[in-house]
Amino acid sequence: MKRVIFILFAVMFGGTLTAQNQFTIGDLTYEVLNGGNSVEVHDCDTSATSVDIPSTVTNNGTKYRVTSIVLRAFSNCSILTSVTIPNSVTYIGFSAFYGCSSLTTINVDSDNNNYSSIDGILYNHAQDTLIQCPGAKSSVTIPNSVTYIGDLAFSGCSSLTSITIPNNVTSIGYNAFSGCSNLTSVIIPNSVTYIGRDAFSDCSSLTSIISLAYTPPILDVKCFDGVNSDCSLIVPCKSMTAYQTSDWNNWFNADNITGSYYTEISATINEGETYTEYGFNENRTGTYTRTVENSGDCDSTIVLHLYVNASL
């Protein structure tokens with residue numbers, strides 16, 4: 001008798017909610033949150049190619065405000081290319097876009113007080129935390145405002161071949177680049193003090209890592225799991241012993257940890273153009289070679305690498 005009454009109640013009031021208070025409109029499935037006035041994006045049709053999340057939705061005469069995107073809501077939407085997030089969203093679960101291998105753009109409404117986007121990449125509102133890079137990005141320049149690369153931020157970005165990490169980043173989160181497979185080299189700035197669990201795991205194409213930090217960053221477990229042990233690690237020459245006797249030696253053959261003279265110079269070369277040059281004592285391809293005063297165990301001849309950010 002109780003079952004009949006429950007079904008009759010749902011029919012009388014025209015409800016389409018499931019037992020989990022879910023309903024679907026277009027490509028998106030929503031779930032009503034406690035309180036009943038707002039919903040979260042719970043799931044997306046895997047056939048969707050472009051999704052514009054509304055700030056409000058109406059179901060059976062009831063209007064709801066869209067306030068959150070649940071953990072892995074868009075997981076494995078492999079043909080999704082773009083997502084637009086409204087100003088009403090106050091919470092996005094980490095790895096919400098995991099497995100979106102065709103995703104190139106995450107756009108956030110400029111009036112959103114919790115999140116923002118730059119060049120299609122998702123950041124918090126203050127833009128000091130990089131939350132999610134779309135899976136199809138091949139080249140990324142992280143803005144100088146970023147101090148933290150979030151958990152799983154680049155996980156599964158198998159197309160990523162180049163990334164520039166600014167010198168303000170102090171921490172790299174859990175699984176941040178796990179899987180980034182086409183990434184061949186990484187420069188870790190001297191500001192980094194901590195690298196999270198599995199941060200570069202399964203980056204099997206890495207052939208060189210350059211760490212500019214004089215004090216070896218603290219490594220969580222499995223940071224470089226799956227990275228070839230023959231991958232070369234280049235560090236400041238005066239810090240070579242510190243790296244060889246730290247946890248870094250658990251992931252890289254001691255013979256492959258080499259010291260280098262390091263210099264960093266920023267200067268104006270043309271109107272609106274700046275460059276940073278890094279010097280190393282190995283015979284590496286660079287813009288030009290110059291001789292500097294010998295420093296410690298480092299060779300006095302270094303190769304300078306030129307990085308240009310043009311904004312003419």
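What you are looking at is a predicted structure, and each value in this text was computed from that prediction instead of being measured.
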Open item on the list: I'd like to know whether CG of N34 has more than 12 heavy-atom contacts from other residues, nucleotides or ligands below 6.0 angstrom.
Closed with: no

TODO: Starting from the C-alpha separation in whole Å, work towards a yes-or-no answer on side chain to side chain contact (heavy atoms under 4.5 Å, CB included) for N253 and D230.
DONE: CA-CA 7 Å; N253 293 330; D230 288 332; 3.1 Å; yes

Open item on the list: Tell me whether I163 shares a hydrophobic cluster with I121, the cluster being built from Ile, Leu, Val, Met, Phe, Trp, Tyr side chains joined at under 4.5 Å.
Closed with: yes

Open item on the list: Just verifying a value: how many Å separate I131 CD1 and N124 CG, rounded to the nearest 0.5 Å?
Closed with: 5.5 Å

TODO: Write out all pairs satisfying salt bridge (Lys or Arg N to Asp or Glu O under 4.0 Å) with one or both partners inside residues 122-139, taking only residues at least two apart or from two chains.
DONE: D119-K137

Task: T58 and T56, any side-chain heavy atoms less than 4.5 Å apart - done: no

Task: Hydrophobic cluster identity match, V57 and V32, side-chain contacts under 4.5 Å - done: yes

Task: Check: V108 and L122 side chains under 4.5 Å, non-hydrogen atoms - done: yes

- [ ] Please check if L233 and L219 belong to a single hydrophobic cluster, counting links between Ile, Leu, Val, Met, Phe, Trp and Tyr side chain heavy atoms closer than 4.5 Å.
- [x] yes

Open item on the list: Looking at every non-hydrogen atom in both residues, tell me the closest pair between I149 and F177 and how far apart they are.
Closed with: CD1-CZ, 4.1 Å

TODO: Quick one: pull up CG in D202 and CG in D225 and give me the separation to the nearest 0.5 Å.
DONE: 6.5 Å

TODO: Using the rule that two of Ile, Leu, Val, Met, Phe, Trp, Tyr join whenever any of their side-chain heavy atoms come within less than 4.5 Å, decide whether V70 and V39 are in one cluster.
DONE: no

Task: I69 side chain reached by F74 side chain, heavy atoms, under 4.5 Å - done: yes

Task: Residue pair I209, I234: steps toward the side chain to side chain contact (heavy atoms under 4.5 Å, CB included) verdict - done: CA-CA 6 Å; I209 296 174; I234 304 170; over 6 Å; no

Task: Heavy-atom closest contact (A136 atom, S159 atom, distance) - done: O-CB, 4.0 Å

Open item on the list: Could you tell me if the side chain of Y148 sits less than 4.5 Å from the side chain of T170, heavy atoms only?
Closed with: no

Task: Path from Y98 to V140 over hydrophobic side-chain contacts below 4.5 Å - done: no

Open item on the list: Does I195 form a side chain to side chain contact (heavy atoms under 4.5 Å, CB included) with D220? I'd like the steps, not just the answer.
Closed with: CA-CA 6 Å; I195 300 177; D220 208 329; over 6 Å; no

- [ ] Taking the side chain as every heavy atom from C-beta outward, state whether L206 and T184 have any atom pair closer than 4.5 Å.
- [x] no

- [ ] List in chain and number order the residues that pass ring-ring contact (aromatic ring centres under 6.0 Å, His included) with Y123, two or more places apart in sequence or in another chain; answer none if no residue qualifies.
- [x] none

Open item on the list: Before you tell me yes or no, could you show the steps for L212 and I188 under side chain to side chain contact (heavy atoms under 4.5 Å, CB included), namely the whole-Å CA-CA distance, both residues' side-chain angles and the distance that decides it to 0.1 Å?
Closed with: CA-CA 6 Å; L212 302 179; I188 300 172; over 6 Å; no

Task: Least distance between heavy atoms, I257 atom then M240 atom - done: O-SD, 3.6 Å

- [ ] Kindly indicate whether the side chain of V186, heavy atoms from C-beta on, has any atom under 4.5 Å from the side chain of I210.
- [x] no

Task: Heavy-atom side-chain proximity of L183 to T161 below 4.5 angstrom - done: no

Task: Separation between CZ of R197 and NZ of K222, rounded to the nearest 0.5 Å - done: 5.0 Å

- [ ] May I ask you to list the residues sharing a hydrophobic cluster with I218, side-chain cutoff 4.5 Å, ordered by chain and number?
- [x] Y194

Task: Student check: side-chain heavy atoms of N256 and C231 closer than 4.5 Å - done: no

Task: Pairs meeting criterion side chain to side chain donor-acceptor pair (under 3.5 Å) with involvement of residues 103-116, two or more places apart - done: S116-Q127

- [ ] Measure the spacing between NE2 of H42 and CZ of R72 and express it to the nearest 0.5 Å.
- [x] 13.5 Å

TODO: Sort out for me which residue in F224, F252, F154, W251 forms a ring pair (Phe, Tyr, Trp, His ring centres under 6.0 Å) with F200.
DONE: F224

Task: Separation of D151 CG from D198 CG (nearest 0.5 Å) - done: 11.0 Å

Validation: residues 75-93 side-chain donor-acceptor distances under 3.5 Å, sequence neighbours left out:
unit_1: T81; atom_1: OG1; unit_2: T49; atom_2: O; d: 2.9
unit_1: S82; atom_1: OG; unit_2: S50; atom_2: OG; d: 2.9
unit_1: S88; atom_1: OG; unit_2: S55; atom_2: O; d: 3.4
unit_1: S88; atom_1: OG; unit_2: V66; atom_2: O; d: 2.6
unit_1: T90; atom_1: OG1; unit_2: T67; atom_2: O; d: 3.2

Task: Distance-minimising heavy-atom pair for S246 and P216 - done: OG-CB, 4.1 Å

Open item on the list: Please report the interatomic distance CD(E31) to OG(S38), rounded to the nearest 0.5 Å.
Closed with: 11.0 Å

Open item on the list: Please give the remaining members of the hydrophobic cluster of L71, linking ILVMFWY side chains under 4.5 Å, ordered by chain and number.
Closed with: F94, L152, Y174

